[in-house]
Colleague: 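My questions all concern the structure below.
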Amino acid sequence: MVACGQARERVYSARIHLVDARQGDGGGRSLTWWQFLLLAIGYAAIVQVAGRLIGADVDEDDGWATAGNVVESALIPIALSSLFVITLATWLRWWPEIIHEPLRVQRWVRIVPIALALTALVGSSWGNVFDQPAGLVLALVLVVGIGGATEELMFRGVGLVTFRRMGLTEGRVALYSSLAFGAVHLSNAIGTGTNAIGQAIVVCFTGYLLYLTRRWAGAIWLAMPVHSSQDFLILSGQIGVDPSASPLSLLVIVTMIGLAVLVWRRRHRIEPGTAAEAVPKPLAV
């Protein structure tokens with residue numbers, strides 16, 4: 001079974017490169033893995049450094065108590081990082097490959113984005129959100145919306161294409177792009193200390209789930225709001241003068257464990273098994 005799964009993965013990777021060549025998506029500039037890692041570090045530096053420079057007057061004890069705090073310490077830095085990623089993708093001329101997924105995975109994988117979205121819907125701290133001023137809530141929505149889209153462009157976009165262009169199997173593409181995604185979040189140690197290590201591990205696995213979301217959808221668009229929903233789930237209890245953690249955090253843990261078990265048990269049934277399942281069908285925008 002393992003050998004069969006590995007053979008299917010190699011065949012799938014070869015078909016991806018064939019589809020890219022036929023679609024003319026092999027153009028643009030080249031990028032090595034270490035260059036991507038340097039760019040990813042630069043991306044994280046923009047968020048961290050700009051957040052501390054622009055939000056220097058924000059009292060840490062206040063946190064995200066007001067819309068002004070959120071704008072200065074998060075929204076402006078994230079907007080700058082978004083501009084950085086968009087400029088990078090445009091300079092590389094990789095937009096077709098970043099946006100479109102050449103081939104899709106088997107249909108059962110739709111469980112992944114559905115489970116993530118439902119967990120965010122049920123587990124977010126809605127009581128805390130509804131108690132906040134409209135301006136603060138709007139600032140939060142903009143942060144998670146722009147942040148989720150930007151990180152998807154960087155890691156399930158530029159990062160994924162970088163590793164694919166190296167000729168790696170899809171298993172390694174998924175692994176390396178997810179590890180890079182998690183490693184960048186170690187930069188949060190500046191504010192959270194050693195807690196950033198545990199966060200980075202969780203983010204690595206979440207990155208793999210978002211990778212599966214992209215491949216099931218046939219495009220990067222669905223992974224963006226799913227990503228944003230996870231950020232909203234985390235941050236919804238951290239805004240306001242007296243923030244409170246989500247009372248349904250156990251639901252998040254159960255969901256992640258359940259998805260981990262499901263993906264592991266069906267890991268040899270992720271790649272398309274028939275020609276009909278392999279036909280690219282991007283989601284309509």
Colleague: Under the rule for ring-ring contact (aromatic ring centres under 6.0 Å, His included), what residues qualify as partners of Y208, not counting sequence neighbours?
Modeller: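 Y208 satisfies ring-ring contact (aromatic ring centres under 6.0 Å, His included) with Y211 only.
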
Colleague: Do any N or O atoms from the side chain of S236 and from the backbone of F232 form a donor-acceptor pair under 3.5 angstrom?
Modeller: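 Pair found, side chain donor or acceptor close to backbone of F232.
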
Colleague: Quick check for you: to the nearest 0.5 Å, what is the distance between I257 atom CD1 and L262 atom CG?
Modeller: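 It is 13.5 Å, given to the nearest 0.5 Å.
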
Colleague: Drop me the distance from L160's CG to L210's CG, to the nearest 0.5 angstrom.
Modeller: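 Interatomic distance, L160 CG to L210 CG, rounded to 0.5 Å: 12.0 Å.
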
Colleague: Hey, could you give me the OG/CG distance between S124 and D231, rounded to the nearest 0.5 Å?
Modeller: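 Reported value, rounded in 0.5 Å steps: 10.5 Å.
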
Colleague: Let me confirm one number: the OG-CZ distance from S177 to R164, rounded to the nearest 0.5 Å.
Modeller: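 Taking OG in S177 and CZ in R164, the distance rounds to 9.0 Å.
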
Colleague: Applying side chain to side chain donor-acceptor pair (under 3.5 Å), can you list everything that pairs with T87, at least two apart in sequence or on another chain?
Modeller: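 Per chain and number, T87 pairs via side chain to side chain donor-acceptor pair (under 3.5 Å) with no residue.
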
Colleague: Suppose we screen for side chain to side chain contact (heavy atoms under 4.5 Å, CB included). Which residues come up paired with A149, at least two apart in sequence or across chains?
Modeller: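 Partners of A149 by the side chain to side chain contact (heavy atoms under 4.5 Å, CB included) criterion, ordered by chain and then number, come out as M224.
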
Colleague: Go through the structure and list residues passing side chain to side chain contact (heavy atoms under 4.5 Å, CB included) with P113, not counting sequence neighbours.
Modeller: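 With sequence neighbours excluded, P113 shows a side chain to side chain contact (heavy atoms under 4.5 Å, CB included) to T213, W216, L222, V226, given in chain and number order.
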
Colleague: Can you name the side chain to side chain donor-acceptor pair (under 3.5 Å) partners of T206, sequence neighbours left out?
Modeller: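 For T206 there are no side chain to side chain donor-acceptor pair (under 3.5 Å) partners, ignoring immediate neighbours.
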
Colleague: Give me the one residue out of L88, L92, V158, V85 that meets side-chain contact (heavy atoms from CB on, under 4.5 Å) with L39.
Modeller: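 When L88, L92, V158, V85 are each tested with L39, the side-chain contact (heavy atoms from CB on, under 4.5 Å) holds only for L88.
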
Colleague: L75: what forms a side chain to side chain contact (heavy atoms under 4.5 Å, CB included) with it, not counting sequence neighbours?
Modeller: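 Per chain and number, L75 pairs via side chain to side chain contact (heavy atoms under 4.5 Å, CB included) with V71, L142, V143, I146.
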
Colleague: For the CG atom of L233 and the CG atom of L251, what is their distance to the nearest 0.5 Å?
Modeller: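 These two atoms lie 8.0 Å from each other.
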
Colleague: Run the side chain to side chain donor-acceptor pair (under 3.5 Å) test against W33 and tell me which residues pass, sequence neighbours left out.
Modeller: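 Residues passing side chain to side chain donor-acceptor pair (under 3.5 Å) with W33: none at all.
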
Colleague: Tell me whether R165 contacts the main-chain N or O of S30 through its side chain, where contact means a donor paired with an acceptor under 3.5 Å.
Modeller: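 Side chain of R165 to backbone of S30: no pair is present.
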
Colleague: Just jot down the side chain to side chain donor-acceptor pair (under 3.5 Å) partners of S81, sequence neighbours excluded, or say none.
Modeller: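 Listed in chain order: nothing, the list is empty.
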
Colleague: Can you sort out the partners of F181 under ring-ring contact (aromatic ring centres under 6.0 Å, His included), two or more places apart, ordered by chain and number?
Modeller: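 Listed in chain order: F155, H185, H227.
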
Colleague: Check whether the side chains of T66 and N69 place a donor and an acceptor atom closer than 3.5 Å, and report yes or no.
Modeller: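 Judged by distance alone, the side chains do pair up.
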
Colleague: Might you work through the salt bridge (Lys or Arg N to Asp or Glu O under 4.0 Å) test for E271 and R215, ending with a clear yes or no?
Modeller: CA-CA 10 Å; E271 306 301 344; R215 287 193 54 193; 2.5 Å; yes

Colleague: Check whether any side-chain N or O of Q35 sits under 3.5 Å from a backbone N or O of T32 as a donor-acceptor pair, and report yes or no.
Modeller: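 Looks like yes, one N/O pair under 3.5 Å.
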
Colleague: One pair to check against side-chain contact (heavy atoms from CB on, under 4.5 Å): T162 and Y176. What are the steps and the verdict?
Modeller: CA-CA 10 Å; T162 297; Y176 295 157; over 6 Å; no

Colleague: Output every pair passing side chain to side chain donor-acceptor pair (under 3.5 Å) with a member in residues 250-265, not counting sequence neighbours, ordered by first then second residue.
Modeller: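 Applying side chain to side chain donor-acceptor pair (under 3.5 Å) to every pair that reaches into residues 250-265, excluding sequence neighbours, yields T119-T255.
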
Colleague: Quick check: closest heavy atoms across A120 and Q230, and the distance to 0.1 Å?
Modeller: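 The answer is CB-NE2, 3.9 Å.
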
Colleague: Start with the C-alpha distance between E170 and R267, add both sets of side-chain angles, then the distance that settles salt bridge (Lys or Arg N to Asp or Glu O under 4.0 Å), and finish with yes or no.
Modeller: CA-CA 12 Å; E170 273 304 294; R267 64 190 182 280; over 6 Å; no

Colleague: Mark yes or no for whether R110, through its side chain, and R107, through its backbone, hold a donor-acceptor pair below 3.5 Å.
Modeller: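 At least one qualifying donor-acceptor pair exists.
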
Colleague: Hey, could you give me the CH2/CZ distance between W221 and R214, rounded to the nearest 0.5 Å?
Modeller: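 Answer for the CH2-CZ pair, W221 versus R214, is 10.5 Å.
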
